[in-house]
Amino acid sequence: MTVDLLVTNATLPDGRAGVDIACRDGRILAVEPGIAAEAGRVIDAAGRLVSPPFVDSHFHLDATLSLGLPRMNESGTLLEGIALWGELKPLLTVEAVMERALRYCDLAVSQGLLAIRSHVDVCDDRLTGVEALLEVKKRVAPYLDLQLVAFPQDGLYRSPTAEANLLRALDMGVEVVGGIPHFERTMADGARSVRALCEIAAARGLRVDLHCDESDDPLSRHIETLAFETQRLGLQGRVAGSHLTSMHSMDNYYVSKLLPLIAEAGVHAIANPLINITLQGRHDSYPKRRGQTRVPEMRAQGITVAFGHDCVMDPWYSMGSGDMLEVASMGLHVAQMMSRGAMRDAFACVTTHPATILGLEGYGLAPGCNADFVLLQAADPIEAIRLRARRLAVVRRGRVIAESDPVLTRLDLPDRPSTLDPADYAPAG
Ligand code: FE2
């Protein structure tokens with residue numbers, strides 16, 4: 001057998017060890033121990049983890065890397081961020097948005113992040129972000145899957161031209177319907193927007209991803225309407241609610257009714273732990289709510305949950321690095337997912353779960369899947385999160401597109417000169 005790429009002695013996220021991965025013509029040909037093949041290139045994984053690529057199910061590529069333009073967000077609140085973005089929007093150019101987005105894509109793929117769902121603000125009559133990101137999507141297609149969401153940041157009904165602009169964006173090729181019901185003027189308008197947006201998606205055969213209930217108000221219950229409309233219109237499996245932070249503050253009795261409704265409707269949930277731990281609970285003194293939606297409780301109901309990065313160096317969030325392991329780490333901590341199984345599930349929240357939400361075809365480490373994967377300097381998914389493990393190789397369609405040397409430190413201690421590999425500190429038992 002002749003193959004383009006052979007990875008030997010890999011450990012997979014499901015625990016299988018000593019596995020070889022053979023790739024030909026951009027696809028995975030075989031995943032099994034002891035593959036005998038002539039290979040154009042061989043990578044010895046040396047027992048380390050090979051994972052399917054990271055997937056970010058919630059991002060804002062039109063705003064990323066704009067930190068400081070036209071000024072800093074001093075309070076760090078959501079509302080100052082939205083106001084600041086409103087100041088920046090008229091100053092945007094297609095070229096500048098493209099340049100920042102492409103720079104972020106470079107950072108993403110260098111860390112094995114090979115699929116991103118990005119919202120793009122349509123509350124700009126010029127549709128600058130839409131034009132820029134549609135072009136970026138084309139340019140990055142060989143190495144990164146970019147899925148765009150038409151997002152009416154200023155409210156579908158609160159902004160006079162949002163609805164028309166959203167439809168224009170969909171006509172131009174944006175493929176997911178977005179919204180922000182909790183930002184409409186009234187609860188009734190919010191519910192009306194959910195209904196209208198789901199109807200648009202149903203009529204056009206599209207997916208839906210709403211910024212939904214990103215609030216500490218326990219009465220912000222648009223997720224209930226989203227689950228209902230999903231069921232009514234037959235959109236099961238194609239709808240996601242992003243943020244859902246109000247659920248943190250909801251009455252437990254109400255949530256005991258709500259979660260089975262979300263599960264029954266096949267609505268997915270996307271938490272954005274890095275940003276929401278900074279934005280929520282801002283009106284609290286102490287105790288101060290952490291504000292993240294109820295991740296373990298949703299997982300227990302069988303709801304697909306992903307962790308998104310949301311923002312990197314933009315009006316809302318001045319931190320971030322495109323590292324989905326940092327996202328998983330924060331999600332795990334805030335949700336107190338500390339069992340071994342829960343920690344492995346946190347890794348799935350930045351890999352397989354968001355791949356399901358995006359509907360990625362050919363994703364995974366099985367024969368026939370796209371030859372896309374990441375070799376990490378870690379033994380397993382838990383260690384990968386704990387160490388924010390170095391990406392030693394990033395493979396796209398069977399070709400190595402990014403490589404890094406392992407992190408190793410030379411120690412020169414009295415009588416104990418040695419080389420320290422942070423991944424050598426595995427659990428004792
Ligand atoms: Fe967002």
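Counting starts at 1 for both ligands and their atoms, following the listed order.
Using a distance-only test at 3.5 Å, with no hydrogens or angles considered, a donor-acceptor pair links the side chain of D56 to the main chain of H58.
Using a 3.5 Å distance cut-off with no hydrogens or angles, the side chains of D124 and Q153 do not pair a donor with an acceptor. Using modelled atom types, one finds a donor on one side chain and an acceptor on the other under 3.5 Å when comparing R294 with N252.
The aromatic rings of H119 and H211 stand perpendicular to each other, their planes meeting at an angle above 60°, with 30° marking the opposite boundary.
Backbone or side-chain N, O or S atoms of H243 do not reach the Fe ion (ligand 1) at under 2.8 Å.
Minimum-distance N/O/S atom of D310 relative to the Fe ion (ligand 1): OD1.
At the Fe ion (ligand 1), the angle from NE2 in H211 to NE2 in H58 is 90° when rounded to 10°.
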